[in-house]
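We name chains A, B, ... by the order of the sequence lines, and we start the count at 1 in each one.
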Amino acid sequence: MSRYDRVARRGLPAALLLLGVCFVAQASAAPADALMPVEKYTTAKAKNLANAHRLRLLEFSEQIYNCMPWLFVYPGHLGFPRDKDRPGDDRYLSTWIYVDQREDPVFAALPRERRVSAMFSRYGVDMLRRMAALSDVVDDGDVAGLSVVLSWLKPGTSRPGQQPVNETFALFIDKATAAEFLAKRVGPDDFISRAKFNLFDGESLVGRVPLQVWEDSFNSTYKIANYEPPKGAQCQ
Amino acid sequence: MRAWLSLASFLGGIVLLTSACATSEQWSEWRGHTTHFASGTHGVFSLRNNNDGSNPRVARTDVDAARSENWWGKAITVSPEQIFQN
């Protein structure tokens with residue numbers, strides 16, 4: 001066996017291992033990766049928020065990563081963006097979550113508006129509640145409100161030979177209304193009327209769809225059988 | 001010579017890794033991928049629990065592994081610029 005063969009035999013497994021690491025990295029990311037990098041913000045206000053609350057957001061990301069593994073925060077999409085359609089520099093504490101859900105006949109049978117309502121009621125409200133609990137962040141005078149973005153697999157789009165499509169629901173709400181709604185002093189109808197939200201079908205804007213919000217404790221009560229959070233993780 | 005070949009092999013691996021990551025969005029693993037989660041609901045719900053009746057512990061790394069095994073490529077998703085400004 002030549003030297004070249006020996007080196008190649010050693011190098012190929014190493015390259016494949018590195019490739020495997022890269023492949024796995026597509027589907028998983030560390031909690032710190034969820035935070036929007038400070039240098040990506042375009043205003044001093046946003047950069048100050050990101051610097052001031054970095055540790056709290058990291059804790060928040062770790063809690064999702066460790067305790068709710070059925071959810072996945074898109075890398076770089078936990079932070080303080082502003083609403084694209086709103087003038088000025090109002091900053092929202094925002095997280096963009098992918099709900100790891102595969103084809104399900106019951107879910108697929110729901111009309112689109114019902115799917116959106118179900119996903120927001122189940123995951124969106126709980127995320128708003130968890131973000132609102134970051135009182136030192138939300139009470140920052142430079143935070144105008146909360147935003148939650150949810151993406152999930154659009155039913156019927158994961159067939160072989162077909163690129164899957166995600167449905168995405170993006171909501172913005174001022175922090176006073178969010179607090180009142182979570183405290184049940186504002187009802188779902190008022191919350192919906194004051195919120196700004198849009199649905200996207202893949203890359204296409206669908207727009208504001210009829211939304212209903214109801215009680216759903218799944219995200220705060222569900223436990224994966226035999227799942228053991230990493231040591232030191234405090235799940236609640 | 002041997003050192004040179006080792007270095008070349010290492011650098012080749014890095015190039016392969018870098019190019020694989022850089023072009024990952026263009027991959028088309030979803031073509032012909034027939035994997036589905038048995039539970040029909042959340043991917044992580046069908047982890048290895050109860051397959052052999054032994055109820056083994058599931059760690060966070062198992063979730064990542066299950067997710068990557070069932071990952072079939074980048075789905076068509078709205079771009080952040082359609083929602084946010086940084």
Side-chain angles (χ1 to χ4, degrees), chain A residues 3-4 7-8 10-11 14-15 18-19 21-28 36 40-42 46 65-66 69-70 72 77 81-84 94 96 99-105 107 149 151 153 157-158 160-166 168 170 198 200 202-205 224-230, chain B residues 1-2 5-6 8-10 12-18 20-21 24 27-34 36-37 39-50 55-65 67-86:
Chain A
R3 281 182 183 172
Y4 178 79
V7 171
R10 288 174 191 153
L18 286 169
L19 189 62
V21 169
C22 174
F23 185 79
V24 169
Q26 301 299 318
S28 61
M36 184 181 292
K40 288 203 169 183
Y41 290 106
T42 56
Y65 181 86
N66 292 328
W70 53 91
F72 173 79
H77 288 293
R82 52 183 165 171
D83 179 355
K84 174 185 82 71
S94 174
W96 187 341
V99 181
D100 186 2
Q101 175 174 287
R102 299 306 186 204
E103 297 284 1
D104 179 272
F107 187 71
V149 183
S151 291
L153 180 69
T157 66
S158 64
Q162 181 181 349
Q163 188 172 8
V165 175
N166 284 340
T168 300
N198 279 315
F200 297 85
E203 297 173 325
S204 303
L205 172 67
I224 295 178
N226 305 315
Y227 174 69
E228 222 170 46
Chain B
M1 181 65 177
R2 180 171 182 159
L5 283 172
S6 298
S9 178
F10 174 76
I14 294 295
V15 169
L16 177 60
L17 172 69
T18 307
C21 288
S24 63
W27 290 356
S28 55
E29 287 85 355
W30 50 268
R31 290 181 194 278
H33 199 308
T34 57
H36 289 267
F37 287 105
S39 70
T41 52
H42 293 72
V44 293
F45 291 2
S46 58
L47 287 168
R48 54 195 168 96
N49 295 287
N50 301 319
N55 292 332
R57 293 294 176 193
V58 176
R60 189 62 182 80
T61 51
D62 295 324
V63 174
D64 287 339
R67 188 167 284 155
S68 63
E69 285 169 9
N70 291 281
W71 181 77
W72 44 48
K74 184 175 175 63
I76 299 170
T77 308
V78 61
S79 70
E81 292 75 24
Q82 288 178 262
I83 302 173
F84 300 124
Q85 288 185 332
N86 289 344

Provide the closest heavy-atom pair for B:V78 versus A:W96 in the form atom of the first, atom of the second, distance. O-CH2, 3.5 Å
B:I76 vs A:T157 side-chain heavy atoms within contact, under 4.5 Å: no
Any donor-acceptor N/O pair, B:Q82 side chain to A:E203 backbone, under 3.5 Å: yes
Among all residues two or more places apart in sequence or in another chain, which pass the side-chain contact (heavy atoms from CB on, under 4.5 Å) test with A:T42? A:R82, A:R91, B:N86
Least distance between heavy atoms, A:Q163 atom then B:A75 atom: NE2-C, 4.4 Å
How far apart are the closest heavy atoms of A:A170 and B:I83, and which atoms are they? CB-CG2, 3.8 Å
Using non-hydrogen atoms only, which part of A:F200 is less than 4.5 Å away from chain B: side chain, backbone, both, or neither? side chain
Under 4.5 Å from a heavy atom of chain B, the part of A:S204 involved: neither
Considering residues at least two apart in sequence or located in another chain, which fulfil the side-chain contact (heavy atoms from CB on, under 4.5 Å) criterion with A:D83? A:D85, A:R86, A:Y92, A:F172, A:K196
